[in-house]
Amino acid sequence: MTTADSPQSPTAGAGTGDHGTGGRDFGGEPLFGPGSQFHTLFNDPRWALAMIRATVLEAAHPQIGAALIENSTFVVHPWRRLGNTFMSLRRMFGADDHVRQREATRLNRMHARLHGTDARDRPYDAMDPAVRAWVVATMFESAVTMCRLSGQPLEQKTMEQLYAEFQAFLAAMGDGAGHLPHGLDEFWPYYDRVIAEELENTEAMRIILYKLFDHLPAPPVLNGFPALWATGRALAGPVVGAITVASLPEPFRRRAGLPEIAGVQTLMQGAYLAAGLARFLPEGWIKAESIAELVTLSPDSDDPRARTIAALRDQMKRAGALMRLITPLPAEPEPATATTAQRSAEEFFTDVLDQTGDGYLDWPDLAAMARELSSRLDLDEPEETRLYNAYADWWRELQTALDADGDGRISAREYAAAVPSLAGPALIRVAEVLFDVTDKNGDQHIDADEYRALFRTAFHRDTTKTGETYSRSAFINDFLSFMSARRRTSPYDPLIAEA
Amino acid sequence: MIDVIEAARAAGVGWLSLFAFSTENWRRPDAEIEFLMHLVRRVVRKHAPLLHARGIRCRFLGVSDPRIPPGLARDIADLMTLTGRNRQMTLTVAFDHGGRRDIVEAARSLIRSGVSPEAVTEESFAAHLPFPDTPDVDLVIRTSGEQRISNFMLWQVAYAEWVFPPALWPDFRAPDFLECLHAYRQRERRFGGVLPNQNGET
């Protein structure tokens, strides 16, 4: 039997330096790009359910769970996170070796920054090869399970090819062989062992299962319709959670004390089956790429689809206005909704600063901002480190100025008590570094292309006198007025606060 | 109120403005203001679907005071959003409105725009007023037998004809409105030599 690391296809055994070989394949089939199993998988609607399931299994790993809780923005900015993950997978599994290598380097740099200790003082490290192998294992296993659950199990050969592709993915990340078992025969015992011995009922897993879907914020394009979104979410949220639980391996459900609800098993299989039937839809109807782009699209962007959506939003807005007007008034007066140009300190804290949504401002929140900006601008070294360092300096400045009780983090109350003394030298430094890294050609002006890379939209601002560029001082001013004066309606809103 | 709006629309009036609440009205007792705000909110919500169905664009002139209850402000915003594309008739509700304040605001906006004093004309000044597309008022109906202007759309009423029916506003109905319209048609309008603008009613 051919395995992935047979001499002809040095996939799983490939080290860091082994890239650009191009000719990697599995029994004549390419491991990446068109023709690969993953490529087919990508546009399969079932893949969405499978990815949620894989994420839950990842979050149940104590190290990954801790890293997610401490650093991830997925609770507050799930759509941005989804868009980034999607883009990353596309680069990693695309046909271009160079793109893959660059993305792997970027991911490694990003993960190298994610380490620490969890609530029980156990260390976690996003670079731990065993942990990374588990992430890949859950994706592979969820893909296999998704096919089984919808009644179309993969053939042995296809399964082997898919496994080889995921091994190649791990190898492209630079991890040596051995962390994932060589062959499928060894994979299943490995998988069962991790499920039985290592996974826990982690907080991150509970948040994904029971909180994320019930509180999922609307994607940016639907921001104007809170009522509509809330209604759909109230129906779909618990169902997605229940379906995911039912699809988890039985031993794990038992050990983590997850509920068994009568009928949900059938519902879950029905959902996979129904999603599987979508393959009979005309080609092009379901394109994961378009969907992922759509949910992360900012309504203000100048993408033509955004304009269509803007027209649709307009109609929906009128429908929403009518709905509200004809809905009988509640007995209690509604709370005031602030729509002023300035946010209150509390709003700014939750919308912008607290990226991880744990109620505190901490280094991971600022690191998340640096991470988002780095990936938007597609930064390489040393620019990425410069940006992180600027953010780190700002964090120290904030901590010194605002952490009144000395617990190392800043609560919403500490923040509200101390504003507006926020625009210190370190924040100005962040603005300057952000300008430098955005100004790719270094001409001291941000031109239309550079602006688009950062804000994903063309200039909207008053470009009086300066022509179609954005000067250093204007850029820094705008950034500071967003970060310290909490001004709304700037291009920074879709960049940092929404999504 | 709604039957006056209906009558105006049926008579082919393109612009109708109602004076609901002036900036000076805030001086009234709190209880009365609260009652009034409630009333306005009920009226807005009750008639919103009909106004929209009739193709009436609703706009609110003023509405800047933070004392306006958020619920009402929301409904007002919703009504404007809902009817924003209608063109059968434009209904302007002056709410928390003061004619002088509008003129002062326009002056501020003009100064901020940095035009030279010589460049300011009546037209360019009017462009800084709220809803600058509103034409000059042709007819003002002042109900309740009162004969004063009460700081109402001061700029726009410059060449308006005035009628003073004795009926109180709550009793003022469609036939009364048509009577005023008839009276207006008998007037000879000369504009002191100024050419007439579009038709419009108050």
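Note that these values count all heavy atoms, side chains included, but never hydrogens, waters or copies made by symmetry. Each chain gets a letter, A, B and so on, in the order its sequence line appears, and its residues count up from 1.
Counting heavy-atom pairs closer than 4.5 Å to chain A, the top-ranked of the candidates B:Thr81, B:Leu79, B:Asp78 is B:Asp78.
A:Leu325 contributes atom CG, which lies 9.5 Å from atom CZ of B:Arg74 (distance to the nearest 0.5 angstrom). Atom CG of A:Leu322 sits about 11.0 Å away from atom OG1 of B:Thr83, to the nearest 0.5 Å.
Heavy-atom distances place the side chain of B:Arg85, and not its backbone, under 4.5 Å from chain A.
At most 12 heavy atoms of other shown residues, nucleotides or ligands fall within 6.0 angstrom of atom CD in B:Glu34. Other residues, nucleotides and ligands contribute at most 12 non-hydrogen atoms within 6.0 Å of the CZ atom of B:Arg100. Other residues, nucleotides and ligands place no more than 12 heavy atoms under 6.0 Å from the CZ atom of B:Arg27. Atom CG of B:Asp30 has 12 or fewer heavy atoms from other residues, nucleotides or ligands within 6.0 Å. By the 6.0 Å contact criterion, CD on B:Glu179 is open, its count of non-hydrogen atoms from other residues, nucleotides or ligands being 12 or less.
In plain terms, the two heavy atoms of B:Pro49 and A:Ile326 that are nearest each other are CG-CG2, 3.6 Å.
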